[in-house]
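Notes follow once the structure below has been shown.
Both backbone and side-chain heavy atoms feed into the values below; hydrogens, waters and symmetry mates do not.
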Amino acid sequence: MTVQIKKLTRRGVLQGMGAVTGLTLVAPVISRKVIADAHGGGELKSSVYLMIDHDGTVHIDIHRVEMGQGSRTGLPQIIADELDADWSRINFLPAYGDKKFGDQNTDGSTSIRNFFTAFQQAGASARAMLVRAAATKWGVAAADVDVKNHKLINTVTGQSADFAEFVEAASKLPVPAADSLVFKAKNMRQYIGRPVRNIYMNDIITGSSQFGQDVMRDNMLFAVAARPPVVGGKVTSYNKDAAMAVDGVVDVVELPAMAFPVLFKPLGGVAVIATNTWAAMRGREALEAQFEGGENASYNTTEYEAELWKSIDGKDNNFLNRGDVDAALASADKTYQGDYFVPHQNHAPMEPPAATAEWDGDDLKMWVCCQDPQAVQNTVAAFVGKKPEEIYVEATLLGGAFGRKSKPDFAVEAALLARQVGRPVKMVWDRTDDIRHGYYHAISAQRVQTAVVDGKVTAWKHKAAYPSIGGTFDPSATGPATWEIGLGLTDMPFEIDNLQVNSGDAKAHVRIGWMRSVTNIQQAFALGSMVDEIAQGEGRKTDELWMELIGSDRDVNPADDGAEYGNYGSPMETYPINTARMKATLKKVVEMSGYGKDMPKGRGIGISVHRSFTSYVASAVEVEVTDDGELRVPRAWMAVDCGLAVNPDRVRAQMEGAVIFSMSIAKHDEITAENGAIVQANYDTYPVCRIDEAPYVEVAIMDVDAPPGGVGEPGVPPVTAALTNAIFAASGKRIRRLPIRDQLMA
């Protein structure tokens, strides 16, 4: 019997399963070159984001990237609705870097929030142009022409025709002024506000989608690198001959050493280039590269934590001051104080960074799993002597990101190495590279002091100390920046007479970068925990104390207390801090979870609420703590007010994912450094929540007539406090330090 051995890949298995099960393979993204070559002009272009072909096909340039949050589905929903297009006749074009699109940084929960109006106008403009063309041809008023599902309808005669019949005529008309556009009424929408399936779902299910690690080019080589374990470190020695002796290794290249500020620069080190990834990795092992540490070589997180608490005890940098907090604390019936600690954390997305670069003479093309193709252009250009606009960068699908892939250091490595060897090169980061050479969430210490008189909170003093993300761009930065304190502290909507927000100094010794919900992570943890601590100490229900602290229905403006406040880059008049909406989400999650009901011994429900990225999210978590300290989380509830929910299915998915993300932070996640180097290396030492830890999550989306807010990040902040508050309700043990790990065993 002859046995045939066939090489299989995990992706190949998925593709085979698709064939066997009859899954339809839909390719939602087509080649930009095919579009450009197929037409010689006369297409209808109402916006940089929208073009309608001669045959009526709608092409939408989705300038933001897709990493699971659904922006490449939600943005087209807006155009399709205003255009009244047939969803099956839309081509979704992949994001490539070009400043004509405006901001392309898919970060800060801004895709729908910042571009809803632009995409709405694009669809409405094209519809108006088609209507005018049809009205002219039919000899009727524009008001007598209706649009429905890719057809124009003459309401006088009943005659109808496809978009295609009017594209050329419409293309000769001027694009209507924005203030002349009439948008659809809410009850007339067919896509906005409805759950539309992710346009990549079929490809993802069948394994045919292309992530950064999937990119293949003819004659391509693969590279990995040995990088300095300490930020600012330098290579001192390596064995090039040993690496070159590994079968498949093509070259060994020393990368340029990093100079401060770190920005998005590569860390330096030595790259091994080979015909396959395995050979490159074996070559890296053979290098036995050695490094010196530089100025951050003495960084130890245990010692640094002690420095943070000294900073908490030291001088105050004031950001907000209302009333006389110190006098209120001194005259209080009772005071409460809580010290809260959150360690460094890593994004740890499923797909580590990857970038492919290909030079054709002096032309550079790149395929990168990045959150901002323009950032790739700008960063790479400085290293290769080109203008940013001269570099073609296409953003692939991202297998998770959480903020890591907005920093394109890995793309620079690919571009330099591809030019060195004269062949396409894919720079591959493995899991250890990602964990040990990341941009980390800031380690933080916080102290909250509160005053209570006759059972009512009269003062709140909050101080935080942590290294700023600004240190990545300016080495002299020490302590939180104004905008970082503004993520949950200067904007806390408490209607109390005395309120103060301060910070302490702290200097960065690793690369600090924004991570999903940024400093809301630690600040919402402290806020939500302290509210619960006061409520428990006063014998009150936590939701009632929240309602009392938030106070009357009103719009809050931190500037009224002298604070500088950025409001997540959105205007206060459009996105006010509205206490009624915040209280409504809390009330909803209390109803959903039954918070306050009697629970069996060892079980409890905790709650918290937070506004971030202009949206409001309340969370309730149920836990069970066994006698031997084992923690189980069977259920969680999320109530979200994100204004207009363009795609409710994606909103629910983001809230569900936020629960798991936050649980990982609370239960497991901790990055530590010894002698400047990161200790953790993979999911065994930096675990994330597994499927057996995942609770059932129920999500309620509030029906609110307000502009769309952020969705990708706002679900994260309240969950951690809700979880640790639930632990207190179940066990009487107060968690003020993350991760929880074995604290319940004591």
Side-chain angles (χ1 to χ4, degrees), residues 26-36 43-53 57-83 85-126 191-192 196-204 209-212 366-377 392-399 401 405-406 646-647 649-651 653-654 708 710-712:
V26 178
V29 177
I30 66 174
S31 165
R32 201 171 304 279
K33 183 176 187 298
V34 170
I35 296 168
E43 300 84 22
L44 170 55
K45 299 177 182 178
S46 65
S47 161
V48 70
Y49 308 112
L50 174 63
M51 186 264 282
I52 305 177
D53 228 331
T57 300
V58 174
H59 303 287
I60 300 179
D61 267 296
I62 316 169
H63 65 307
R64 292 301 184 99
V65 307
E66 180 61 49
M67 48 190 163
Q69 86 285 24
S71 62
R72 286 193 187 175
T73 303
L75 288 169
Q77 283 181 247
I78 301 165
I79 282 181
D81 221 327
E82 290 298 339
L83 180 59
D86 180 344
W87 190 257
S88 67
R89 295 178 65 184
I90 300 176
N91 278 323
F92 309 93
L93 305 181
Y96 70 100
D98 197 317
K99 60 185 179 183
K100 71 180 181 183
F101 292 125
D103 179 19
Q104 290 187 264
N105 185 21
T106 312
D107 213 335
S109 298
T110 55
S111 292
I112 300 294
R113 175 161 53 106
N114 286 4
F115 288 93
F116 180 86
T117 300
F119 274 65
Q120 192 179 35
Q121 290 174 349
S125 295
Y191 298 118
I192 296 173
V196 174
R197 193 183 196 205
N198 189 307
I199 63 173
Y200 293 99
M201 189 59 68
N202 283 321
D203 286 0
I204 291 170
S209 52
Q210 186 177 79
F211 294 85
M366 303 193 70
W367 296 263
V368 186
C369 56
C370 62
Q371 290 177 242
D372 184 359
Q374 287 184 39
V376 176
Q377 291 175 307
Y392 176 81
V393 177
E394 187 170 311
T396 66
L397 293 180
L398 281 62
K405 292 170 183 172
S406 58
V646 171
N647 189 330
D649 181 62
R650 289 291 88 201
V651 175
Q654 287 303 295
V711 171

Considering all heavy atoms, the nearest [X]-[Y] contact:
X: Gln77; Y: Val646; result: NE2-O, 3.3 Å
X: Cys369; Y: Thr396; result: CA-OG1, 3.4 Å
X: Gln374; Y: Lys99; result: NE2-CA, 3.5 Å

Let's go through Ile52 and Thr57 carefully: what are the C-alpha distance in whole Å and the side-chain angles of both, what is the deciding distance for side-chain contact (heavy atoms from CB on, under 4.5 Å) to 0.1 Å, and is it a yes or a no? CA-CA 6 Å; Ile52 305 177; Thr57 300; over 6 Å; no
Would Asp53 and His59 satisfy side-chain contact (heavy atoms from CB on, under 4.5 Å), going step by step from the backbone distance to the final call? CA-CA 7 Å; Asp53 228 331; His59 303 287; 2.8 Å; yes
Donor-acceptor contact below 3.5 Å, side chain [X] vs main chain [Y]:
X: Ser47; Y: Ala122; value: no
X: Gln371; Y: Thr106; value: yes
X: Asp61; Y: His63; value: no
X: Ser125; Y: Ser46; value: no
X: Glu66; Y: Gly68; value: yes
X: Arg89; Y: Ala85; value: no
X: Arg72; Y: Asn198; value: no

Could you tell me the separation between the [atom1] atom of [X] and the [atom2] atom of [Y], rounded to the nearest 0.5 Å?
X: Ile90; Y: Tyr191; atom1: CD1; atom2: OH; value: 6.0 Å
X: Gln121; Y: Ile78; atom1: CD; atom2: CD1; value: 11.5 Å
X: Asn91; Y: Met51; atom1: CG; atom2: CE; value: 9.5 Å
X: Glu394; Y: Cys370; atom1: CD; atom2: SG; value: 10.0 Å
X: Ile199; Y: Thr73; atom1: CD1; atom2: OG1; value: 4.5 Å
X: Asp203; Y: Gln210; atom1: CG; atom2: CD; value: 10.5 Å

Answer whether the closest heavy-atom distance between the side chains of [X] and [Y] falls below 4.5 Å.
X: Met67; Y: Lys405; answer: no
X: Leu50; Y: Lys45; answer: no
X: Pro708; Y: Arg113; answer: no
X: Ile112; Y: Ser71; answer: no
X: Asn105; Y: Ser406; answer: yes

Taking the six-membered ring for Trp and the full ring for Phe, Tyr or His, determine whether the centres of Tyr200 and Phe92 are under 6.0 Å apart.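 That pair fails the under 6.0 Å test.
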When Arg197 is tested against each of Asn202, Asp649, Asn647 for side-chain hydrogen bond (donor to acceptor under 3.5 Å, both in side chains), which residue passes?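 The residue from Asn202, Asp649, Asn647 that satisfies side-chain hydrogen bond (donor to acceptor under 3.5 Å, both in side chains) with Arg197 turns out to be Asn202.
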What verdict does the side-chain contact (heavy atoms from CB on, under 4.5 Å) test give for Val48 and Asp98, after you've listed the backbone C-alpha separation in whole Å, the side-chain angles of each residue and the deciding distance to 0.1 Å? CA-CA 11 Å; Val48 70; Asp98 197 317; over 6 Å; no
Go through Val65 and Leu398 one step at a time and tell me if the side-chain contact (heavy atoms from CB on, under 4.5 Å) criterion holds. CA-CA 8 Å; Val65 307; Leu398 281 62; 4.3 Å; yes
Does one side chain, of Arg64 or Thr110, offer a donor that lies under 3.5 Å from an acceptor on the other?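 Judged by distance alone, the side chains do pair up.
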